[in-house]
Protein chains: 2
Amino acid sequence: MARSDERAGRMWRVNTLGFAILGLLARRPLSGYRVAQLMREPIGFFWNAGHAQIHGTLRKLVEAGWAEYRTEPGPGPHDKKLYSATAAGRAALAEWAASPLPTPQPHDELLLRVYNGWLADPAAMREMLTAELERREASLAHYLTVRAEFEADGTPEDPTTQRFVDYATVLNGIGSERYVLDWLRWLIGTLRD
Amino acid sequence: MARSDERAGRMWRVNTLGFAILGLLARRPLSGYRVAQLMREPIGFFWNAGHAQIHGTLRKLVEAGWAEYRTEPGPGPHDKKLYSATAAGRAALAEWAASPLPTPQPHDELLLRVYNGWLADPAAMREMLTAELERREASLAHYLTVRAEFEADGTPEDPTTQRFVDYATVLNGIGSERYVLDWLRWLIGTLRD
DNA sequence: CCGCTCATGTAAAACGTTACATGATTCA
DNA sequence: TGAATCATGTAACGTTTTACATGAGCGG
């Protein structure tokens, strides 16, 4: 699958961003602007895209028959478009979610900096790593708050609910920040003079 | 900085891939082919690129005066080129390594799958996650072997050596795989019927 | 002789970022 | 009245992937 409109001459092979957006539309109807906001805030930890890319991908999802929209008079020169996932879109998304993962192709600039850090001034390195430590401490604190809010209403247990998968991604965030923080503290410790 | 050849009309703003490659050349002279191999094997955990991209970036690094090469007769229709970093290239790399990190823009497909997993068949989801678990168990085992080899020769302690930064990236890999494995085991557990 | 490794390159297409462009409403 | 938020779009540029193209040397 991951293909749409078998009969048409030009087919768009739906990419990961397409599924990221479709995943938001499968939850509730959204304007392109709202999609861009959600790409920053709750989704931002594991995926992101700018509004220019989002508008284009929404258009392609509609062409593919996986999303549709209704127009509303909006502020500004253009009409507001409220997008939602079609039944075909939901089915494709469900199949994609459980399909085999491609081998990941990581791009982690922090590790690349450390790998070349033997050449750098240790004091400057310590400063950069301390800034990163603080950024991630704030990030962890945020995830812990969100987790507490979830658990106050009862720990989610049913993996076929939105609430559960949201909770699962927050737990991942906590684990991820915790291990990096430990590693950063150790690294900064080795840079003491 | 991160700019080169101030006088020329067109300047190439060196990108992260440029620094990734320069970091390899700063350690030892390499052919483009070898760079591509190293981008898979030791660097692959935190950065990667295909050979088409690498050859182009090497050319730009030379134009920028940050790398140079000497030609050797190679197999096949083209000469072999042995690239190395220039003094200017090393200086730029050292400065870049400790400069402030841009805010990361993550692209984690595993989390995106889980986020949409509430729509998917739990059994299919369990299968996908189990495959990922096995892939990462193998990866952890590999990092543990590498760490043992490092520590057999004495734990690296000087952060201005290549040996130390290599060791640091391996420790990061171990921590990273361990937390994901814990999280995956918990997640798969919630999908038992 | 077949396939693998070594070795470099080009071209086209797809993907992603940044800048430009417009304009109503709401809040200070 | 000025800034922020809501709202959509295009154009240019830069990055990344995929496919095409070539060919020597080595091991089975």
Side-chain angles (χ1 to χ4, degrees), chain A residues 2-4 9-21 29-41 44 47-64 67 69-83 102-107 109, chain B residues 2-3 10-21 29-41 44 47-64 67 69-83 102-107 109:
Chain A
R3 212 161 253 274
S4 51
R10 299 212 163 276
M11 280 178 277
W12 177 53
R13 181 57 164 269
V14 179
N15 57 23
T16 312
L17 176 59
F19 287 109
I21 294 174
L30 295 166
S31 68
Y33 184 85
R34 273 297 284 158
V35 170
Q37 277 186 326
L38 297 171
M39 278 282 165
R40 275 186 244 117
E41 195 21 49
W47 209 268
N48 72 58
H51 85 275
Q53 223 186 330
I54 288 164
H55 284 299
T57 304
L58 280 168
R59 187 177 40 73
K60 289 191 214 163
L61 283 172
V62 171
E63 279 166 20
Y69 65 88
R70 60 190 164 83
T71 304
E72 281 179 22
H78 304 283
D79 280 341
K80 175 176 168 172
K81 292 176 183 172
L82 252 193
Y83 292 89
T103 57
Q105 310 193 147
H107 290 93
E109 191 162 337
Chain B
R3 211 160 252 275
R10 300 211 164 275
M11 279 177 279
W12 176 53
R13 182 58 161 272
V14 180
N15 57 23
T16 312
L17 176 60
F19 287 109
I21 294 173
L30 295 166
S31 69
Y33 184 86
R34 272 299 282 158
V35 170
Q37 278 186 326
L38 296 171
M39 278 284 164
R40 275 185 244 116
E41 196 18 52
W47 209 268
N48 71 58
H51 85 274
Q53 224 185 329
I54 289 164
H55 284 300
T57 304
L58 280 168
R59 189 177 39 75
K60 289 190 213 162
L61 283 172
V62 172
E63 279 166 21
Y69 65 88
R70 59 188 165 85
T71 304
E72 281 178 23
H78 304 283
D79 280 341
K80 175 175 166 172
K81 292 176 183 172
L82 251 193
Y83 291 89
T103 57
Q105 309 193 148
H107 291 92
E109 191 163 338

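Computed over heavy atoms, backbone and side chain alike; hydrogens, waters and symmetry mates excluded. Owing to the predicted nature of the structure, the values given are computational and were not obtained by experimental measurement. Throughout, protein chains are lettered first and strands after them, A, B, ... in sequence-line order, and every chain is numbered starting at 1.
In this model, the phosphate group of dC6(D) is approached by a side-chain N or O of Q37(A) to a distance below 4.0 Å at OP1 or OP2. OP1 or OP2 of dC15(C) has at least one side-chain nitrogen or oxygen of W12(A) nearer than 4.0 Å. Taking 4.0 angstrom as the limit, Q105(B) places a side-chain polar atom (N or O) nearer than this to OP1 or OP2 of dT17(C). OP1 or OP2 of dT18(D) has not a single side-chain nitrogen or oxygen of Q53(B) nearer than 4.0 Å. One finds a side-chain N or O of Y33(A) lying less than 4.0 angstrom from the OP1 or OP2 phosphate oxygen of dC6(D). Put simply, K81(A) has a side-chain N or O that comes within less than 4.0 Å of OP1 or OP2 on dG9(D).
Atom CZ in R70(A) sits about 13 Å away from atom P in dA7(D), given to the nearest Å. Across the protein-nucleic acid pair, M11(A) atom CE and dA14(C) atom C1' stand 16 Å apart, rounded to whole Å. Atom CD1 in I54(B) sits roughly 14 Å away from atom P in dA7(C) (whole-Å rounding). dA7(D) atom C1' lies 9 Å from atom NE2 of H51(A), rounded to whole Å. Going from atom CG of D79(B) over to atom P of dA24(D) covers 14 Å, rounded to whole Å. Regarding W47(A), its CH2 atom lies at a distance of 16 Å from the C1' atom of dT17(C), rounded to whole Å. Across the protein-nucleic acid pair, L17(A) atom CG and dT16(D) atom P stand 16 Å apart, rounded to whole Å. Nucleotide dC15(C) holds its P atom 15 Å from the CG atom of L58(A), rounded to whole Å.
Checking N15(A) against H78(A), the closest nucleotide of DNA chain C that is more toward the 5' end is the one next to N15(A). Nearer to the 5' terminus of DNA chain C, by closest-nucleotide assignment, is the contact made by K80(B) (compared with the other of K80(B) and H107(B)).
In summary, the side chains of Q37(A) and R40(A) do not present any donor paired with an acceptor at a separation below 3.5 Å, with no hydrogens or angles considered.
In this structure, H78(B) NE2 and T71(B) OG1 are separated by 13.0 Å, a value rounded to the nearest 0.5 Å. The line from NE2 of H55(A) to CZ of R59(A) is 11.5 Å long, rounded to the nearest 0.5 Å.
Using a 4.0 Å heavy-atom cutoff across all strands shown, E72(B) reaches no nucleic acid atom at all.
Contact detail for G32(A) and I54(A): the closest heavy-atom pair is O-CG2, 4.1 Å.
Annotation: side chain of Y83(A) is not in contact with side chain of I21(A) (no heavy-atom distance under 4.5 Å).
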